Amino acid sequence: MTTRTVDRTQELAAFLRTRRERLDPQDFGLPSRRRSRRTPGLRREEVAELAGVSIDYIVRLEQARGLRPSAEVVEALARALRLAPDERAYLFDLTRQRPRNAARPATAPAPPLARLVGDLSPRPAMLMNHRYDILAWNSDMARLLLDFDTLTPSRRNAMWLCLMHPQMREFYVDRERVLREGAAHLRAAWAAHPEDQALVDLITECTTHDEEFSRLWAQREVKVNGRGRKAIRHPDVGAIAVHFEVLMPLQDTDQRLMICHAADDESRAALDRLRTR
C-alpha cells in the first residue's frame with residue numbers, strides 16, 4: 001500500500017462512501033416500505049434528502065468527479081452523515097473550506113517550550129509536531145519510554161517507535177487502541193497538511209511495513225486525541241498506567257505539549273522508583 005500527498009477528490013469520495021455505509025437506517029426512522037437493502041448503510045438518495053442536495057450531486061461526489069462543495073453544503077453533509085467533530089474538521093479540510101493554518105511544520109522545538117518541558121519534571125513531558133515527531137523531552141519521559149538520545153532524529157517519531165522499535169512493540173498493554181488512535185490522528189494531520197511530504201513518507205512506511213497499521217489506515221477513522229489513559233509494561237518497574245494531556249500553544253501552533261501523570265497509587269510508586277534508578 002502506498003500513500004501520496006492528498007488527492008482531495010479521491011479521498012473525499014472514499015470518505016463520504018465509508019461514512020454513508022456505516023450508518024444504520026433505523027436510526028433515521030426511515031419508512032419500512034423501502035425496498036430491501038443489498039448494501040450496508042444509507043442509500044445515496046437518502047443522504048441527498050437529509051443534506052438537501054440532489055442525488056446526482058451525491059453520486060458525483062462519491063465518484064470523484066471534481067466537485068468542490070461550498071461550506072454550507074459541507075456542513076449539511078456533516079450533519080446528514082452524523083460526523084463526529086474530528087470527522088467534520090477532516091471533511092472541511094478535504095474540501096478546502098476550513099481556514100488554512102499558516103504555521104510551517106515544526107522541525108525544532110521553540111526554545112520557551114523546550115524549557116517548559118524541562119521545568120515540568122518530575123512529570124514526564126515531551127514536545128511533538130503534527131507528525132508525532134518528538135522535538136523535545138525531559139529525563140522523566142526518557143525514563144518512562146526510552147532514551148531518545150540513542151536514536152537518530154529521523155527515528156524520533158512516536159508512531160514509528162510504536163510500530164518499528166523492538167523495545168516498543170509490546171510496550172503498550174492495549175496496543176490495538178494506541179495504533180488506532182495514532183492512525184486516526186495521522187489521517188487528520190494528512191488532510192490538514194496536504195503538502196507535507198515527510199508525513200506522506202511516514203504514512204507510506206507504516207502502511208508498507210506494518211499490516212495492522214495498514215488495516216487501521218484503510219478504515220479512514222479520524223480523531224485528534226487530546227487526552228486519555230495509557231497502560232504500559234515497563235521493563236524495569238513493571239505495570240504503569242498514566243493519564244496524558246496534550247496542549248497546543250497559541251503562538252507555536254504546530255507544536256504539541258504532552259504531559260503525563262500517574263493514573264493510580266501503584267503507578268505513582270512505579271514512577272517514583274523509576275526516577276531513583
Side-chain angles (χ1 to χ4, degrees), residues 1-103 130 180-197 199-200 203-204 207 213-225:
M1 179 177 179
T2 58
T3 305
R4 57 189 181 277
T5 51
V6 181
D7 183 332
R8 296 175 187 275
T9 303
Q10 292 291 339
E11 178 58 22
L12 175 63
F15 185 68
L16 291 175
R17 284 196 304 272
T18 58
R19 290 311 176 265
R20 174 173 61 82
E21 291 169 355
R22 77 177 182 181
L23 295 173
D24 186 344
Q26 293 184 349
D27 291 339
F28 293 79
L30 294 174
S32 58
R33 65 176 180 273
R34 304 264 186 175
R35 65 185 183 276
S36 62
R37 297 174 184 271
R38 291 174 292 179
T39 57
L42 297 187
R43 297 192 181 95
R44 288 169 173 165
E45 59 264 32
E46 291 165 342
V47 172
E49 183 178 345
L50 290 167
V53 297
S54 69
I55 300 173
D56 181 64
Y57 193 85
I58 298 295
V59 170
R60 285 186 290 163
L61 282 175
E62 290 194 1
Q63 292 180 348
R65 288 160 61 182
L67 296 180
R68 184 179 175 184
S70 67
E72 291 76 17
V73 170
V74 174
E75 186 61 52
L77 288 170
R79 287 197 303 269
L81 296 170
R82 298 188 176 180
L83 299 185
D86 291 328
E87 294 173 324
R88 177 182 175 278
Y90 185 66
L91 184 62
F92 271 80
D93 280 333
L94 289 176
T95 55
R96 301 186 184 185
Q97 295 297 350
R98 188 162 70 156
R100 309 308 304 168
N101 188 339
H130 67 274
R180 182 178 296 278
E181 291 175 352
H185 169 92
L186 287 182
R187 182 166 283 282
W190 186 57
H193 301 268
E195 307 305 325
D196 186 350
Q197 187 61 48
L199 177 59
V200 171
I203 295 169
T204 299
T207 54
F213 182 90
S214 181
R215 174 181 61 82
L216 294 170
W217 180 258
Q219 292 177 7
R220 289 185 164 81
E221 291 189 15
V222 183
K223 185 175 178 61
V224 179
N225 198 27

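Because the structure is predicted, anything quoted here is derived from the model rather than measured. Hydrogens, waters and symmetry mates play no part in the numbers below; they use all other heavy atoms, side chains included.
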* Asked: Taking only residues two or more places apart in sequence, or in another chain, which ones meet E181 in a side-chain contact (heavy atoms from CB on, under 4.5 Å)?
  -> R177, N225
* Asked: Q26: what forms a side-chain hydrogen bond (donor to acceptor under 3.5 Å, both in side chains) with it, not counting sequence neighbours?
  -> none
* Derivation of the side chain to side chain contact (heavy atoms under 4.5 Å, CB included) call for L42 and L50 -> CA-CA 10 Å; L42 297 187; L50 290 167; 3.8 Å; yes
* To do: Kindly compute the distance separating CZ (R43) from CG (L23), expressed to the nearest 0.5 Å.
  => 13.5 Å
* What residues, two or more places apart in sequence or in another chain, satisfy salt bridge (charged side-chain N to carboxylate O under 4.0 Å, His left out) together with D56? -> R60
* Structure fact -> One should read off an interatomic distance between I58 CD1 and E46 CD, to the nearest 0.5 angstrom, of 12.0 Å
* **Within residues 64-91 or reaching into it, pairs that qualify as ring-ring contact (aromatic ring centres under 6.0 Å, His included) - sequence neighbours excluded** => F15-Y90
* **From CA spacing to verdict: side chain to side chain contact (heavy atoms under 4.5 Å, CB included), H130, D196** => CA-CA 10 Å; H130 67 274; D196 186 350; 2.6 Å; yes
Can I get a per-line list of side-chain donor-acceptor pairs under 3.5 Å for residues 77-87, giving both atom names and the distance, sequence neighbours left out?
{"residue": "R82", "atom": "NH2", "partner": "D27", "partner atom": "O", "Å": "3.4"}
{"residue": "D86", "atom": "OD2", "partner": "V224", "partner atom": "N", "Å": "2.8"}
{"residue": "E87", "atom": "OE1", "partner": "R22", "partner atom": "NH2", "Å": "2.8"}
{"residue": "E87", "atom": "OE1", "partner": "A84", "partner atom": "N", "Å": "2.8"}
{"residue": "E87", "atom": "OE2", "partner": "R19", "partner atom": "NE", "Å": "3.0"}
{"residue": "E87", "atom": "OE2", "partner": "R22", "partner atom": "NH1", "Å": "2.8"}
{"residue": "E87", "atom": "OE2", "partner": "R22", "partner atom": "NH2", "Å": "3.3"}

* To do: Please list, chain by chain and in numerical order, all residues satisfying side-chain hydrogen bond (donor to acceptor under 3.5 Å, both in side chains) with H185, sequence neighbours excluded.
  => none
* To do: Mind listing the closest non-hydrogen atom pair of D93 and A188 along with its distance?
  => OD2-O, 4.4 Å
* To do: Check Q63 against A13 and note the closest heavy-atom contact, atom names and distance.
  => N-CB, 4.4 Å
* To do: State which residues pass side-chain contact (heavy atoms from CB on, under 4.5 Å) with R215; sequence neighbours excluded, sorted by chain then number.
  => E176, R180, E212, Q219
* Asked: Any idea which heavy atoms bring P25 and G41 closest together, and the distance?
  -> CG-O, 3.6 Å
* Can you tell me how far the CZ atom of R68 sits from the OG1 atom of T9, to the nearest 0.5 Å? -> 10.5 Å
* **Atom pair CZ (R187) and CG (L199), whose distance is rounded to the nearest 0.5 Å** => 11.0 Å
* Could I get the full list of side-chain hydrogen bond (donor to acceptor under 3.5 Å, both in side chains) partners for E21, not counting sequence neighbours? => none
* In terms of ring plane angle, is the pair W190 and W217 parallel, tilted or perpendicular, where the classes change at 30° and 60°? -> perpendicular
* Atom of Y57, atom of P69 and distance for their closest heavy-atom approach -> OH-CA, 3.3 Å
* Asked: Under a 4.5 Å cut-off applied to non-hydrogen side-chain atoms, are R44 and R20 in contact?
  -> yes
* To do: Could you pull out the closest heavy-atom pair between T207 and S214, with the gap in Å?
  => O-CB, 3.4 Å
* **R220 and E11 ion-paired at < 4.0 Å** => yes
* Asked: Is there a side-chain contact between L12 and L91 (heavy atoms, below 4.5 Å)?
  -> yes
